[in-house]
Amino acid sequence: MAKTLFEKVFDQHVVSQKNDTFLVYIDRHLIHEVTSPQAFEGLKLSKRKLWRKESIVAVPDHNVPTTKREEGIVDPVSRTQVETLDKNCKEHSLLQFDMRDQRQGIVHVIGPEQGLTLPGMTIVCGDSHTSTHGAFGSLAMGIGTSEVEHVMATQCLILKKFKTLKVDVSGKCHPLVTAKDIALYIIGQIGTAGGTGYAIEFTGEAIRNLTMEGRMTLCNMAIEAGARSGMVAVDQTTIDYLKDKPFAPQESLWELAVEKWKTLHSDNDAVFDKEINLIAENIEPQVTWGTSPEMVAGISQSIPDSESISDNRKGDFIRALKYMDLNEKTAIVDIKLDKIFIGSCTNSRIEDLRDAAKVLKGKKIHDSIKLAIAVPGSGIVKKQAEFEGLDKIFIDAGFEWRDPGCSMCLAMNADRLEDGERCASTSNRNFEGRQGKGGRTHLVSPAMAAAASIYGKFIDIRNEING
Amino acid sequence: MDKFNTIISNAIPLDRSNVDTDAIIPKQFLKSIKRSGFGPNLFDEWRYLDHGEPGMDNSKRKINPDFVLNKIEYTDSQILLTRENFGCGSSREHAPWALLDHGIKVILAESFADIFYNNCFKNGILPIFLKKNEINKLFNSITDTPDLQLQINLSEQKIYLGDDSFTDFEIDPFKKHCLLNGLDEIGLTLEQSHEIKNFEISYFKKNPWLVKQKV
Ligand code: SF4
């Protein structure tokens, strides 16, 4: 029977089945300092062992400082979390890239970068943006701490089959329209609950043309559309990316693996529970104007007119605009900014930094910008960027060049917005208070954030900048 | 986990959609390495007028008198009534921990984010999907009578409003079984250790590159 990519990967991992509930085997378990301590504690209390230590890879990312790392973590509570992770990894002899390891970085950046994320795997992490890894044709899911403990103890998860949703983007995008814009556009179309209960598979010419980094950005944002997982089929782009990654299979095992990976796509006549078709040419650079990723508009557009909002959403609309201190019908290009953040597991890979640096080259940030920071996703990304001289471009333009971590994506460390500040951010969530209490977030692509830093407001990069 | 018994309580009307886990428990409180103690910081940014940080004496902070959780009639409520897509955002289990620590045992909503929905069951909270008109009806009734008692009967899968039957609700039989009996899922899965080991043998034969990665 014809199968979707999701069904292929899911079915290969079923240990047992009872009615519509499956026990599903997990290949890769990524852990970080925020959602793992209570799981280790739970194991200890119930005297249970880790089922398969080699499946686990640990990295601290949420709490790590992005400056003066050699001085350690100042905040005692953050420090305890990171030290607890160190201690747990040591005690159980787990692979960890600790804060001083050059390979340290945001968990969703380092997995693929190290070849720890492979096609066809089931991958979990106590973090919702685990969907990122689906870019490799794997089934990757964010889980809660109880499930982290469950996977540690049993190597399995209890799951129901997700429904399947195909989002097809046909045609070619404008050269300055990126995976981030595609992702925000999709969320604008289907809403933040549009993917609830589904595994989304992204297909179509515009998706095939994305690099692996772009596909990761897209799958990363699948969770903001409500989906548990986002996936892209394996093709030559996937295989080329993985070749010679440190933990990828080598030699004869590589050949065997590639042969298998090439089967990881939906069959031609596979049936999805739902399909959505979009056209790449319709996608402009996107900017969110509200407090949910679905409150988004193209750069040439304006914030909607309240007349066009349905009655049951009006309350949310008014509350969002009040929080954002914006008015209905304001043009997106009239929104002025205080801070710029380039980073997060959505957009902190080398290509993202290249995109931003291209815009910034030879330019200075606008006088009205109080702070602009660039935070590479990992030590490896940072090193590569410095090798290419990107750090100089950022610094010359007036950006701060930081050490890797989650940073201002969720403001758990010292990087945050102050009350009322407005930020162009390449992260993934514009919720109230996400980047600091009272802070106002506009989600955009790296090139759009860079352009906004030069002009102090949003601009249509398609007009001002040569692709 | 405690067994889930019938809950009788009034319900807190939180009239918002898309309430995310950052709102339920702001990130500065995630730095704890424990599972308990999050209750006083549930909805911290809405509940207090000042900025909260871990370690503060919450009883000395300025509360927001307009926020529904702070109204005297809801101090002991065990039921939260809300709208669409409750619990969206991060996978942090601190969100259900905070709700539970505050005393919430049941959440009634039009829809939930997937990960949050799952996390609730692992912590003995019952999330219930209701239809839009049912949710509207409950909001209206509660606005008129804030101390209106709801009864949530899990074994019958029924909700009573005062003495009258209000509606039935759906729940996965396995989740219901675990809640009613306070069962630990890890223990149940480990009863299948043998099957898991057998699976591994054939799985690694087919995917030899996954057996052992150099560390
Ligand atoms: S960068 Fe942001 S979204 Fe990504 S893992 Fe870190 S906190 Fe979560």
Side-chain angles (χ1 to χ4, degrees), chain A residues 15-16 18 21 23 25 27 34-35 37-38 41 46 48 51 54 63 75 77-78 80-81 84 95 116 118 120-121 126-128 142-147 149-150 153-156 158 192-193 196-197 226 228 247 249 253-254 256-257 260 292 313 315-316 410-412 429 431-434 437, chain B residues 15-18 20 22-23 26-28 30-35 45 51 54-55 83-85 88-94 96-97 111-116 118-119 122-123 132 172-174 184-190 192-193 195-196 198-200 203 206-210 212-215:
Chain A
V15 172
S16 67
K18 205 171 177 189
T21 305
L23 191 63
Y25 191 77
D27 293 310
V34 182
T35 50
Q38 292 89 349
E41 188 193 58
S46 50
R48 285 173 177 143
W51 184 281
E54 310 91 87
N63 275 295
D75 174 8
V77 212
S78 291
T80 307
Q81 261 190 350
T84 306
L95 172 62
L116 291 161
L118 296 175
M121 276 183 163
D127 190 281
S128 54
I143 55 177
T145 299
S146 297
E147 286 174 318
E149 187 179 334
H150 191 278
T154 70
Q155 210 57 40
C156 292
I158 301 168
T192 46
T196 303
R228 279 295 289 276
F247 290 87
L253 284 179
W254 169 260
L256 263 180
K260 161 85 178 286
S292 155
R313 302 212 161 237
D316 290 334
L410 92 166
M412 233 172 123
R429 292 196 170 131
F431 301 155
E432 283 182 27
R434 169 79 175 181
K437 188 177 160 88
Chain B
D15 197 352
R16 295 186 182 223
S17 302
N18 295 316
D20 62 81
D22 276 306
K27 63 247 161 194
Q28 62 270 33
L30 309 190
K31 293 177 182 175
S32 163
I33 53 169
K34 300 246 155 355
R35 278 174 199 256
E45 292 190 358
H51 176 77
R83 296 206 181 258
E84 288 163 84
N85 201 25
C88 60
S90 98
S91 63
R92 63 186 69 154
E93 206 154 310
H94 310 70
W97 294 337
S111 58
F112 297 88
D114 285 334
I115 302 180
F116 176 83
N118 271 321
N119 282 343
K122 322 257 172 205
N123 293 285
K132 185 181 240 108
D172 170 71
F174 176 68
D184 162 19
E185 280 188 6
I186 298 181
L188 289 174
T189 301
L190 282 175
Q192 296 190 54
S193 292
E195 281 88 343
I196 304 173
N198 281 340
F199 173 88
E200 282 183 322
Y203 180 72
K206 280 185 255 168
N207 302 278
W209 60 90
L210 294 178
K212 185 146 185 100
Q213 293 185 317
K214 65 168 193 216
V215 170

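In what follows, every chain begins at residue 1, and chains take the letters A, B, ... in the order their sequences are listed. What's counted below: heavy atoms across the whole structure, side chains too, no hydrogens, waters or symmetry copies.
Considering every non-hydrogen atom in both B:I115 and A:G144, the closest pair reads CG2-N, 4.3 Å. When all heavy atoms are compared, the tightest approach of B:W209 to A:L118 is CD1-CD1, 4.3 Å. Here the shortest heavy-atom pairing between A:E432 and B:R16 reads OE2-NH1, 4.1 Å. In terms of heavy-atom proximity, B:D114 sits nearest to A:G226 at OD2-O, 3.8 Å. Shown here for A:T145 and B:E93, the closest heavy-atom pair between the two residues is N-OE1, 2.6 Å. The nearest pair of heavy atoms linking B:L190 to A:A153 is CD2-O, 3.6 Å.
Contacts with chain B were tallied for A:R228, A:H150, A:K260; A:H150 has the most, counting heavy-atom pairs under 4.5 Å. When each of B:H51, B:K132, B:Q28 is scored by its heavy-atom pairs under 4.5 Å with chain A, the top score falls to B:H51. Interface check for chain A: of the options B:S32, B:G89, B:S193, the most heavy-atom pairs under 4.5 Å are formed by B:G89. Each of B:K206, B:E200, B:R83 has some count of heavy-atom pairs under 4.5 Å with chain A, and the biggest count is that of B:E200. Ranked by non-hydrogen atom pairs under 4.5 Å with chain A, the options B:N118, B:N85, B:N119, B:T189 are led by B:T189. Chosen from B:N123, B:D15, B:D184, the residue pairing most often with chain A at heavy-atom distances under 4.5 Å is B:D184. Contacts with chain B were tallied for A:T192, A:T21, A:T80, A:T35; A:T192 has the most, counting heavy-atom pairs under 4.5 Å. Chosen from A:G315, A:S292, A:G197, A:S46, the residue pairing most often with chain B at heavy-atom distances under 4.5 Å is A:G197.
For the pair A:V34/B:R92, no side-chain contact is recorded, criterion being any heavy-atom separation below 4.5 Å from C-beta on. Residues A:E147 and B:E185 form no side-chain contact, since every pair of their non-hydrogen atoms from C-beta on lies 4.5 Å or further apart. Two residues are said to be in side-chain contact when any heavy atoms from C-beta on lie closer than 4.5 Å; B:F199 and A:Q155 fail this criterion. The shortest distance between side-chain heavy atoms of B:I33 and A:E41 does not fall below 4.5 Å. With a 4.5 Å cut-off on side-chain heavy atoms, B:Q192 and A:T154 do not count as touching. Proximity of A:D27 to B:Y203: side-chain heavy atoms (C-beta onward) are separated by under 4.5 Å at one or more points. Inter-residue side-chain proximity for B:I196 and A:C156 is flagged as met; some heavy-atom pair is nearer than 4.5 Å. The shortest distance between side-chain heavy atoms of A:R429 and B:D20 does not fall below 4.5 Å.
Looking at A:I158, the atoms closer than 4.5 Å to chain B (heavy atoms on both sides) all sit in the side chain, from C-beta outward. When heavy atoms are compared at a cutoff of 4.5 Å, A:L23 approaches chain B solely by way of its side chain, counted from C-beta outward. With a 4.5 Å cut-off on non-hydrogen atoms, B:F116 does not touch chain A at all. Within the 4.5 angstrom heavy-atom criterion, no atom of A:W254 approaches chain B. For A:T84, the part sitting under 4.5 Å from any heavy atom of chain B is the side chain, from C-beta outward, and nothing else. Contacts of B:P26 with chain A are absent, with no heavy-atom separation under 4.5 Å from either backbone or side chain.
With hydrogens and angles ignored, the 3.5 Å screen pairs a side-chain donor or acceptor of A:Q81 with a backbone N or O of B:L30. Counting only distance, with no hydrogens or angles, the side chain of B:K27 and the backbone of A:R434 share a donor-acceptor pair below 3.5 Å.
For A:K18 and B:E195, the salt-bridge test fails: no basic side-chain N is under 4.0 Å from an acidic carboxylate O.
Distance check: A:R313 CZ to B:N18 CG gives 6.5 Å after rounding to the nearest 0.5 Å. Atoms CD1 and NZ, on A:I143 and B:K122 in that order, are 9.0 Å from each other to the nearest 0.5 Å.
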Evaluate salt bridge (Lys or Arg N to Asp or Glu O under 4.0 Å) for B:E45 paired with A:K437, printing each intermediate quantity in order.
-> CA-CA 8 Å; B:E45 292 190 358; A:K437 188 177 160 88; 5.1 Å; no
